[in-house]
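Take a look at the structure below.
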2 protein chains.
Amino acid sequence: MEQLPAPLRAHARTLLGPGPSDVDPSVLRAISLPTVGHLDPAFLQTMDEIRSMLECLLGARGGRTTALSATGSAGMEACVVNLVERGDRVLIGQSGVFGGRMAEVARRAGAEVTLVEAEWGRPLELEALRRAAAGRQFRFIGLVHGETSTGVLQPLAGLRELADECGALLLVDAVTSLAGHPLDVHASGIDALYSGTQKCLSCPPGLSPVHFSDRAIARIGSRASAVQSWYLDINLIEAYWGGPRAYHHTAPINMLFGLHEALRLVLSEGLEPRFARHELNAHALWSGLEALGLELRVAEEHRLNPLTTVSIPDGIDDAAVRGRLLSEFGIEIGGGLGPMKGNTWRIGLMGSGSSRRNVHLVLSALATVLADMGHRAPENPIAAAASVYDA
Amino acid sequence: MEQLPAPLRAHARTLLGPGPSDVDPSVLRAISLPTVGHLDPAFLQTMDEIRSMLECLLGARGGRTTALSATGSAGMEACVVNLVERGDRVLIGQSGVFGGRMAEVARRAGAEVTLVEAEWGRPLELEALRRAAAGRQFRFIGLVHGETSTGVLQPLAGLRELADECGALLLVDAVTSLAGHPLDVHASGIDALYSGTQKCLSCPPGLSPVHFSDRAIARIGSRASAVQSWYLDINLIEAYWGGPRAYHHTAPINMLFGLHEALRLVLSEGLEPRFARHELNAHALWSGLEALGLELRVAEEHRLNPLTTVSIPDGIDDAAVRGRLLSEFGIEIGGGLGPMKGNTWRIGLMGSGSSRRNVHLVLSALATVLADMGHRAPENPIAAAASVYDA
């Protein structure tokens with residue numbers, strides 16, 4: 001080529017969008033440890049420890065818990081293609097981009113999809129799902145626990161019972177909720193769950209923690225056809241992660257070093273304190289945003305703590321605001337997806353990024369940029385946030 | 001959990017197996033740069049530069065070149081599932097594990113596979129492929145350029161013409177050959193190619209460079225059915241890597257930082273000097289191994305330079321030797337796969353690991369361990385290697 005690109009340099013960013021989130025320096029240090037072989041005894045121990053820590057984080061009892069060698073979207077595909085065979089009927093709830101994506105993945109796997117839609121910004125109602133099921137049997141019922149496109153937290157209560165009524169497995173997307181909201185696969189009767197590393201785990205993107213219950217594994221064992229994806233076949237993956245250590249593919253060693261450290265940080269903090277921290281900072285952010293005269297898109301009882309959606313005021317240019325936040329303050333927030341594109345911002349307080357420091361940072365920067373654009377804030381956002389912290 | 005695992009520590013290893021290979025410190029440093037957003041202007045530039053450098057490395061003219069967010073095995077699956085639809089006929093050459101894997105992936109994608117087998121340790125003959133084709137048409141002809149299980153380099157000459165006779169696209173696995181052997185997708189008429197980062201690119205595992213020719217892209221554009229994998233659908237991936245920057249999945253930012261630096265190192269060295277270095281060190285290794293009285297598994301004219309297969313002498317315990325190399329010398333070499341398990345070692349000199357230093361290291365350590373086990377070396381392996389360097 002004519003001229004070789006320059007070496008990359010570090011960019012000073014505070015990542016307060018829908019993910020990736022800021023990564024703890026100790027995780028970056030772990031990622032940069034010298035690579036070892038994927039069958040090295042030291043690495044096999046690392047994998048065992050990752051599995052144990054993930055099981056602890058998920059509340060898993062039995063089943064198979066692992067981290068797939070691809071991003072959270074591949075985790076979604078892995079759950080779907082292991083559970084369904086061509087012609088199977090599935091019931092999927094859609095209240096944003098990611099439920100719709102799950103339906104598309106299922107269709108491509110040959111499933112017949114019954115889609116239940118909720119308004120964007122609202123969770124799915126259990127009764128709406130039951131009505132759509134109409135007494136039929138399904139291979140799985142699939143929902144998104146934390147909708148990253150809308151900022152809605154989907155309640156999981158009652159879903160296990162509904163799944164039992166439908167002879168269905170229960171599949172849950174926990175990409176944005178894992179390690180930011182309480183989640184217990186055993187207590188909620190979840191059969192298949194996937195997540196990503198780049199949200200509340202505060203690890204770079206590239207891996208997908210997944211869990212299959214014993215019930216799901218039994219179902220996969222009784223398939224009549226091979227899983228359509230060789231790469232995502234959980235039984236082949238388990239032969240490497242589990243007992244025989246049979247070669248399947250070469251694991252992404254350094255990314256797994258990072259996940260090991262990220263999980264250590266999560267469990268060192270403790271799950272209850274971590275969830276409480278996410279809740280406190282989210283409430284402070286909400287209070288500050290409302291003080292700025294901004295409208296939150298989701299009713300308080302349905303809000304995700306790690307990700308808040310905000311309406312963009314009339315007359316304010318979405319791209320201009322996000323551009324100034326990035327260029328002048330080094331802050332990334334997210335734009336909207338789908339019908340929320342151009343009218344919604346997504347502000348993430350995820351993992352180590354959920355801090356009072358970042359609440360102050362984003363509120364003060366947003367206040368400054370909006371004021372420049374003629375938007376008048378009714379109250380002082382920092383004072384409003386402080387009232388939450390002081391309560 | 002009862003006790004939190006300790007933080008990971010660095011292990012002193014020299015990775016001389018079939019991959020992962022040793023990673024340059026500057027690549028590890030790039031991987032540990034602070035994460036940025038996947039739509040950050042700085043990151044979009046990084047992606048553009050990666051694409052340009054990959055095109056240069058591959059000799060690509062047109063088509064689509066990218067790095068998939070998963071390992072080389074997913075690259076194989078991506079090439080297969082984008083090219084075939086259910087019921088398509090494909091012709092696949094198998095002379096080791098990876099050709100067989102390609103056939104399995106194709107069967108799972110609904111293809112009807114005609115398999116042409118060669119003896120392990122031998123390349124496929126063009127005429128054998130032509131006979132197997134028997135004048136029929138195929139969706140693609142697939143082969144492995146560098147068989148990591150056997151250490152054979154598959155000649156590519158004549159394959160384009162054969163593919164044309166069969167109305168077929170030409171699919172090539174370049175996992176172990178890319179950046180270690182000359183390879184030019186344009187000159188060889190390759191329509192789809194995949195590789196991995198953890199071999200001669202000397203980057204940690206986790207990404208898969210792939211290339212599709214304009215002809216392959218046109219074929220994909222005329223599919224009657226959707227690609228079965230949403231995650232690996234090259235048109236969706238291109239919408240992010242190419243013009244519209246449409247969100248598909250969150251790219252593995254830090255891994256891509258590493259690939260950027262690894263590609264810079266490859267192109268800084270220059271392709272011809274790099275290939276010559278791999279060839280020189282391979283010849284020195286071969287000479288040293290023969291001086292040790294070991295038999296190489298592949299005839300010299302068919303050997304891969306980055307990966308050498310060696311017969312384990314009668315009476316020598318495979319696992320004991322590899323265990324001592326690892327524990328006493330920090331050297332990893334690989335065992336055999338399939339019919340070569342237990343009777344073959346695989347020694348890699350890949351990327352930055354292809355050096356005189358490593359040739360000396362592995363020969364002297366192997367000589368020491370084998371002598372302890374009663375194997376008598378007819379000649380001095382270091383002197384034999386030196387005669388190659390001095391020639």
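Naming: A, B, ... by sequence-line order, numbering from 1 per chain.
With a threshold of 4.5 angstrom between heavy atoms, B:Arg322 does not approach chain A through any atom at all. Neither the backbone nor the side chain of B:Ala12 comes within less than 4.5 Å of any heavy atom of chain A. With a threshold of 4.5 angstrom between heavy atoms, B:Arg9 approaches chain A through N, CA, C or O but not through any side-chain atom. Proximity to chain A involves both the backbone and the side chain of B:His38, based on heavy atoms less than 4.5 angstrom apart. Only the side chain of B:Leu337 has a heavy atom closer than 4.5 Å to any heavy atom of chain A. For a residue to count as touching a neighbouring chain, one of its non-hydrogen atoms must lie under 4.5 Å from one of that chain's; by this rule B:Ser268 touches chain A with backbone and side chain alike. Only the side chain of A:His260 comes within less than 4.5 Å of a heavy atom of chain B; its backbone N, CA, C and O stay farther away. In this structure, the portions of B:Gln228 lying under 4.5 Å from any heavy atom of chain A include both its backbone and its side chain. For chain A, the nearby parts of B:Leu8 are the backbone and the side chain; heavy atoms of each come within less than 4.5 Å. Contact annotation for B:Val227: both backbone and side-chain heavy atoms come within less than 4.5 Å of a heavy atom of chain A.
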Inset, instruction - Report the C-alpha distance between A:Leu28 and B:Asn254 in whole Å, list the side-chain angles of each, state the deciding distance to 0.1 Å, and finish with yes or no for side-chain contact (heavy atoms from CB on, under 4.5 Å). - result: CA-CA 9 Å; A:Leu28 293 174; B:Asn254 292 66; 3.5 Å; yes

Inset, instruction - Might you work through the side-chain contact (heavy atoms from CB on, under 4.5 Å) test for B:Leu15 and A:Thr35, ending with a clear yes or no? - result: CA-CA 8 Å; B:Leu15 301 180; A:Thr35 307; 4.3 Å; yes

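Contact count against chain A (heavy-atom pairs under 4.5 Å) is highest for B:Met53 among B:Met53, B:Met255, B:Glu104. In terms of non-hydrogen atom pairs under 4.5 Å with chain B, the most contact-rich of A:Ala6, A:Pro25, A:Ser225, A:Ala109 is A:Ala6. Between chain B and the residues A:Asp40, A:Thr197, A:Leu232, the largest count of heavy-atom pairs under 4.5 Å involves A:Asp40. Comparing B:Pro205, B:Gly206, B:Ala226, B:Gly19 by heavy-atom pairs within less than 4.5 Å of chain A, the highest count is held by B:Pro205.
Within residues 73-81 of chain A, the residues having any heavy atom under 4.5 Å from a heavy atom of chain B are, by residue number, A:Ser73, A:Ala74, A:Glu77. Contacts between residues 323-332 of chain B and chain A, counted as heavy-atom pairs separated by less than 4.5 Å, involve B:Leu326, B:Glu332.
Separation of atoms SG (A:Cys56) and CG (B:Leu4) is listed at 8.5 Å; rounding is to 0.5 Å. For the atom pair B:Glu2 CD and A:Ser52 OG, the distance stands at 10.5 Å (nearest 0.5 Å). Atoms CG and OG, from A:Leu207 and B:Ser69 in turn, are 11.5 Å apart once rounded to the nearest 0.5 Å.
Formation of a donor-acceptor pair under 3.5 Å by the A:Arg264 side chain with backbone atoms of B:Pro5 is found in this model. No donor-acceptor distance shorter than 3.5 angstrom exists from the side chain of A:Arg13 to the backbone of B:Pro34, with no hydrogens or angles considered. At least one donor-acceptor pair under 3.5 Å links the side chain of B:Arg101 to the backbone N or O of A:His248.
No side-chain heavy atom of B:Thr71 sits under 4.5 Å from any side-chain heavy atom of A:Thr250.
For A:Ser229 and B:Tyr231, the side-chain atoms include no donor-acceptor pair closer than 3.5 Å.
Within 6.0 Å of atom CZ in A:Arg29, 12 or fewer heavy atoms from other residues, nucleotides or ligands are found, so the atom counts as exposed in its surroundings.
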